Amino acid sequence: MSVRLADERFAADRELAEFTAGLTGEGAVVSFLGIARPRASSGEKVERLVLDHHPRLTLGSLNEIAAAARGRFGISSLRIVHRRGAVSPGETIVFVAAAAEHRRAAFEAADYMMDRLKTDAMFWKREDTPGGSRWIEPGEEDYSARERWNETPCRE
Amino acid sequence: MSVRLADERFAADRELAEFTAGLTGEGAVVSFLGIARPRASSGEKVERLVLDHHPRLTLGSLNEIAAAARGRFGISSLRIVHRRGAVSPGETIVFVAAAAEHRRAAFEAADYMMDRLKTDAMFWKREDTPGGSRWIEPGEEDYSARERWNETPCRE
Amino acid sequence: MKIGFFGRLRDSLGDEREIAAEVGETVAHFRIRLAALYPQAAHDLLSLRVRACVVDRIVGEDFLLGGHERIEFLPPLSGG
Amino acid sequence: MKIGFFGRLRDSLGDEREIAAEVGETVAHFRIRLAALYPQAAHDLLSLRVRACVVDRIVGEDFLLGGHERIEFLPPLSGG
């Protein structure tokens with residue numbers, strides 16, 4: 001189980017290569033890459049994203065999500081790498097990978113981790129555009145995606 | 001849309017890197033790797049897999065699955081690479097990637113392509129073990145996975 | 001007529017055989033003749049899970065083989 | 001007591017401020033005082049979607065601040 005915060009741009013393909021190199025006979029690997037989009041949902045050009053984080057709770061929240069995925073699905077190995085600080089459009093914000101004997105568990109674990117990361121990972125995301133900056137909150141679809149896994153939702 | 005058969009071992013991380021290099025602003029990439037397992041479901045050691053294929057229909061079946069995924073989900077780009085011939089344990093049998101504006105479509109498209117590949121891609125898979133060879137057929141769980149997408153199932 | 005085999009049929013019968021179709025012969029009838037000729041593969045040759053394919057299309061059991069140069073038998077698929 | 005801010009609160013109020021807690025003061029009461037001091041962030045400081053955190057734990061509105069050196073205010077999260 002490998003979970004880390006990245007301050008700098010990282011290569012998702014290298015993460016995938018390292019992750020698969022560490023496997024021991026699993027048949028299925030699902031990975032997800034979240035990439036900083038060049039346009040805001042309004043259509044405005046995004047110059048950069050800034051991910052504010054908490055010095056301890058942010059990594060703690062990633063570890064909790066990873067442990068929950070491991071406990072919940074039959075996955076033998078997983079990885080989360082999440083940027084913090086400034087991220088340029090086109091750069092990878094988050095890399096998630098899950099390996100399992102069979103594909104269903106790997107798909108579900110990756111899907112679950114992403115849904116939880118969107119609402120429960122301790123980050124605050126700001127889009128900087130030529131017209132100004134805007135702090136992002138999860139949308140309704142993020143909360144309902146999170147609730148698909150029907151534990152007690154974290155939303156107040 | 002890139003679909004191809006590979007006769008030799010290929011590097012899944014390079015496929016992912018090439019795939020993401022070709023993107024134009026998508027925010028989400030889901031990839032799946034199917035890796036040849038060192039053990040059969042019986043527990044026997046697998047020396048190699050052999051994937052028999054049809055000279056035209058195999059590639060046709062992959063293209064059909066890719067086109068169906070593209071038509072069905074909001075994905076802007078996808079890739080399928082599938083081995084044929086002899087595959088050693090630990091080597092990647094299949095690489096699938098889907099990119100979309102948002103993560104749900106990318107997850108569903110990759111999941112869909114894998115379910116269809118398991119039952120509808122025109123391959124015949126043989127496991128060679130020290131005790132002999134065995135031709136694999138999709139299991140009941142593969143057929144029911146395929147039927148989740150509830151088109152007319154291909155099963156006779 | 002050439003007969004092409006795939007998967008486990010290729011293992012038991014080889015890549016290809018050649019047997020003339022009879023006048024007015026259907027796929028169903030041809031399967032029965034093949035099964036008699038190759039008892040080691042009779043179970044598969046008679047199974048409807050093993051599909052018949054002519055000119056790259058799956059054909060039904062009443063398909064008439066006359067005028068075709070090749071038929072192929074496709075066992076259940078297993079990709080991915 | 002130090003007050004730490006994150007996300008949009010950090011943008012409007014800076015990384016940290018320092019204001020002494022009153023004797024027997026709760027989080028709810030402290031929010032009201034802060035909102036009066038920083039009207040530009042009053043909406044967030046009074047919103048229960050902005051959680052209060054002491055010693056790395058989310059605390060409720062009736063939590064007593066006495067004896068603590070730091071409180072943090074966490075706006076709604078947005079990761080991934």
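A quick note: this is a predicted structure, and the numbers were derived from the prediction, not measured. Note: hydrogens, waters and symmetry copies are ignored here, and every other heavy atom, side chains too, is used. By convention in this document, chain letters (A, B, ...) are assigned in the order of the sequence lines, proteins followed by strands, and residues within each chain are numbered from 1.
- Salt bridge status for Asp52(B) with Arg126(B): absent, with no side-chain N to carboxylate O gap under 4.0 Å.
- A salt bridge is defined here as a Lys NZ or Arg NE, NH1 or NH2 lying under 4.0 Å from an Asp or Glu carboxylate O, and Glu127(B) with Arg37(B) fails to meet this definition.
- The greatest number of non-hydrogen atom pairs below 4.5 Å with chain B, out of Asp111(A), Val94(A), Leu16(A), Thr92(A), is found for Asp111(A).
- With respect to Arg72(B) and Glu108(B), no salt bridge is recorded, no charged nitrogen being found less than 4.0 Å from a carboxylate O.
- There is no contact between Ala11(A) and chain B, counting heavy-atom distances below 4.5 Å.
- Using a 4.0 Å cut-off between charged nitrogen and carboxylate oxygen, Arg4(A) and Glu15(A) count as a salt-bridge pair.
- Using a cutoff of 4.0 Å between basic side-chain nitrogens and carboxylate oxygens, Glu141(A) and Arg104(B) are not scored as salt-bridged.
- Between chain A and the residues Gly90(B), Pro89(B), Ala110(B), Ala145(B), the most heavy-atom pairs under 4.5 angstrom are made by Ala110(B).
- Contact tally against chain B (heavy-atom pairs below 4.5 Å) for Thr24(A), Leu23(A), Asp115(A), Val96(A): the top residue is Asp115(A).
- Within the 4.5 angstrom heavy-atom criterion, no atom of Ala99(B) approaches chain A.
- Among the candidates Gly27(A), Gly25(A), Ala106(A), the residue making the largest number of heavy-atom pairs closer than 4.5 Å to chain B is Gly27(A).
- Between the Thr129(B) side chain and the Glu44(B) main chain, no donor and acceptor come within less than 3.5 Å of each other.
- Only the side chain of Thr20(A) comes within contact range of chain B, judged by heavy atoms closer than 4.5 Å.
- Between chain A and the options Glu101(B), Arg14(B), Glu26(B), heavy-atom pairs under 4.5 Å are most frequent for Glu101(B).
- In this structure, chain A has no heavy atom under 4.5 Å from any part of Ile93(B).
- Interatomic distance, Arg70(A) CZ to Asn63(A) CG, rounded to the nearest 0.5 Å: 11.0 Å.
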